[in-house]
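Everything below concerns the one structure shown next.
Numbers here simply count residues along the sequence, with the first being 1.
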Amino acid sequence: MSFLKYLPQRSTERAILTALMLLFILAVNVMRFQGLDSAPPGVHPDESIDSATLQCIAENGLKDPLAPHPVFTLMGYSFKGPTYIYPGIAWVKIFGFSVESIRAYAASFIIMAIAGLFFLGRLLFGMQYALWLCLLASISPWIWPVSRFGNDSLVSLPFMAWGLFFFLRSNSWKDMAVAGLLLAGSVYGYSTYRMFIPMVLPLLFLFKYSRHGLKLWPSALCLGLFTVTLIPLVQLTLSGALTQYFNEISIFSKAFLNSIGKTDSFADIWDVYWRIYGLHLSPVYLFVHGQGSVMYLTQFCGLFSWIDIAGLAGAIVWAVRLGVKAGAYAKEKKFIPFAALSLAAFFIGLIPVGFTHYNVPSVMRISEAWPFAMMFFAFFLWRHSLKARWLGIGLVILACVFFTGYTRDYFANYPKANAMDFGARYKELAERSKTDLDWVKFVVACGNDGMRARYYLMRYRGMTCNEADKFYMAISGHFKSRTW
């Protein structure tokens with residue numbers, strides 16, 4: 001007699017699996033907010049720019065030189081959008097502008113995105129799929145380090161996740177209107193979404209049509225609100241106000257092309273583009289250690305976690321079964337549009353990064369592909385866990401083992417590897433500074449990095465924004481203002 005008859009019934013298995021997944025997802029996302037002052041160590045220049053600028057705008061209001069006018073404001077070398085700036089001003093007024101606070105602000109983006117993915121997953125295939133999706137998203141090494149980095153790289157994700165939910169929920173006027181506004185909000189966030197969302201929208205409409213059809217006027221309302229909301233962004237882009245940084249890091253830059261022995265001919269640019277695109281599909285990058293900056297990937301693993309790889313293996317098994325097992329295609333064909341959408345959106349999400357040459361492969365410039373990869377992998381884990389007894393619990397255990405090893409490496413080795421990039425020595429120097437003379441020496445040590453100096457003067461010396469300005473410029477008189 002098979003020992004399987006003595007195991008709990010499937011309803012009990014599902015209850016155990018659901019409880020384990022809920023507890024694990026909660027624990028992971030609580031941990032996301034732990035040790036934000038030490039991992040990463042110090043304060044990255046981008047973080048000091050964002051923290052100091054948001055605090056100055058919060059203090060001075062629209063009189064501040066870097067206040068939004070009214071949609072975008074320049075922070076350092078790039079413009080930041082209203083979906084990052086205005087909530088950020090409210091955040092620093094409530095929680096302060098310390099690096100821990102600005103990192104928690106960034107981490108809140110991913111929490112809101114995971115919440116959106118949960119409701120999206122439940123809408124698509126039910127509670128169990130939604131939990132698999134949240135589990136994969138929560139432990140993803142693709143996003144974990146960036147979610148604890150105080151900048152705007154993930155601000156578009158919650159807008160996109162919730163936009164997808166409302167877009168696919170129904171054909172009602174309200175849902176389609178909200179979807180259009182949220183998807184436009186994602187475009188106002190991180191720059192790569194300005195290309196990605198318009199490219200993926202036709203696929204979303206096709207998928208929606210395959211699920212429960214389309215209604216003309218609600219769909220037109222969605223597109224109309226999406227388009228009208230983006231008019232200021234289009235105007236600023238066409239004026240060149242938002243493209244200066246892109247011009248510097250794009251593959252069309254003549255300085256870059258000359259540096260690699262290429263010209264601006266179509267053939268050379270085509271070759272460069274696909275080389276950069278291909279870097280993001282390298283097996284080493286995806287599965288082994290994610291070569292590139294250790295600031296964004298820890299080198300413990302590649303872009304995909306062990307449980308992501310299990311999902312990919314499940315996709316291969318599923319595809320083979322469709323081709324060789326009698327009746328499998330008929331049972332599973334209703335899921336093919338979803339698998340095709342999520343896979344296609346992943347590859348489309350890599351298109352924008354191919355136009356940039358700086359710091360590639362880049363985790364931040366492919367964040368738009370991340371939700372679709374998680375949706376793809378989670379689907380196959382869910383499908384196989386429905387058929388194989390205890391497979392789901394085994395996969396959750398694998399996820400726990402992976403995340404334990406990953407976070408041990410992250411909190412132990414990541415701070416050491418990134419001490420220089422995050423300027424840990426400046427934080428140590430600021431903490432030791434007591435007198436005005438000490439702070440003079442600190443400002444001199446900061447050199448040209450005026451926003452770093454101002455951040456520490458406000459954070460550790462207790463100065464207001466204007467006081468930090470005057471102190472800094474009195475010592476470094478050739479830096480005229482905080483405008484860039």
Side-chain angles (χ1 to χ4, degrees), residues 17 20-21 24-25 27-29 31-32 110 113-114 117-118 120-121 124-125 128-147 154 157 161 279-292 296-319 335 338-350 361-364 366-386 388 391-410:
L17 178 61
L20 285 175
M21 295 173 80
F24 184 53
I25 291 166
V28 168
N29 286 295
M31 189 176 291
R32 193 181 304 277
I110 202 66
I114 290 172
L117 290 176
F118 170 80
L120 174 62
L124 290 171
F125 303 120
Q128 285 293 315
Y129 172 71
L131 290 175
W132 279 115
L133 180 54
C134 289
L135 188 150
L136 266 64
S138 296
I139 69 171
S140 173
W142 184 340
I143 289 296
W144 178 271
V146 187
S147 72
L154 301 183
L157 280 175
L279 290 176
H280 297 82
L281 295 175
S282 159
V284 173
Y285 182 67
L286 295 178
F287 304 112
V288 183
H289 60 68
Q291 81 273 19
Y296 306 119
L297 290 173
T298 65
Q299 314 298 302
F300 177 82
C301 60
L303 202 66
F304 298 150
S305 69
W306 300 348
I307 196 78
D308 294 336
I309 296 171
L312 180 59
I316 296 171
V317 171
W318 183 79
F335 298 118
F338 171 78
L341 167 71
S342 51
L343 190 61
F346 167 76
F347 287 106
I348 293 172
L350 305 185
S362 169
V363 170
M364 293 194 296
I366 58 172
S367 66
E368 60 272 23
W370 171 77
F372 295 96
M374 298 301 102
M375 289 162 62
F376 183 79
F377 297 143
F379 171 78
F380 295 104
L381 295 179
W382 167 66
R383 291 300 293 162
H384 288 297
S385 69
L386 292 177
L391 175 63
I393 293 175
L395 289 170
V396 173
I397 293 172
L398 175 65
C400 291
V401 171
F402 165 79
F403 190 69
T404 300
Y406 179 81
T407 49
R408 181 177 297 174
D409 177 77
Y410 177 85

inquiry  = Suppose we screen for side-chain hydrogen bond (donor to acceptor under 3.5 Å, both in side chains). Which residues come up paired with Y410, at least two apart in sequence or across chains?
reply    =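 Once residues adjacent in sequence are excluded, the partners of Y410 under the side-chain hydrogen bond (donor to acceptor under 3.5 Å, both in side chains) criterion are R148.
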request  = Output all residues satisfying side-chain hydrogen bond (donor to acceptor under 3.5 Å, both in side chains) with W318, sequence neighbours left out; order by chain, then residue number.
outcome  = E332
Any side-chain heavy atom of [X] within less than 4.5 Å of one from [Y]?
X	Y	value
W370	I110	yes
F372	L343	no
P371	L157	yes
W142	V363	yes
L297	Y285	yes
D308	M374	yes
L135	F403	no

inquiry  = Looking only at the aromatic ring of each residue, does the gap between the centers of F380 and F376 stay below 6.0 angstrom?
reply    = yes
Which heavy-atom pair separates [X] from [Y] by the least distance, and what is that distance?
X	Y	result
C134	I114	SG-O, 3.7 Å
S305	I139	OG-CD1, 4.3 Å
G121	A130	C-CB, 3.8 Å
L286	L281	CD1-O, 3.8 Å

Has the side chain of [X] got a donor or acceptor atom that lies under 3.5 Å from a matching backbone atom of [Y]?
X	Y	result
H280	S362	yes
R32	S138	yes
N29	I25	yes
S282	L279	no
S342	F338	yes

For the residue pair [X] and [Y], does the interplanar ring angle fall in the parallel (under 30°), tilted (30 to 60°) or perpendicular (over 60°) class?
X	Y	value
W382	F125	parallel
F304	F377	perpendicular
Y406	F402	parallel

Interatomic distance, [X] atom [atom1] to [Y] atom [atom2] [nearest 0.5 angstrom]:
X	Y	atom1	atom2	value
L395	M21	CG	CE	9.0 Å
L120	L133	CG	CG	7.0 Å
I348	E368	CD1	CD	11.0 Å
Q128	L386	CD	CG	7.5 Å
L303	I143	CG	CD1	8.5 Å
L124	L117	CG	CG	10.0 Å

ask   = Under the side chain to side chain contact (heavy atoms under 4.5 Å, CB included) criterion, do V401 and W306 qualify, and how do the steps go?
value = CA-CA 9 Å; V401 171; W306 300 348; 4.0 Å; yes
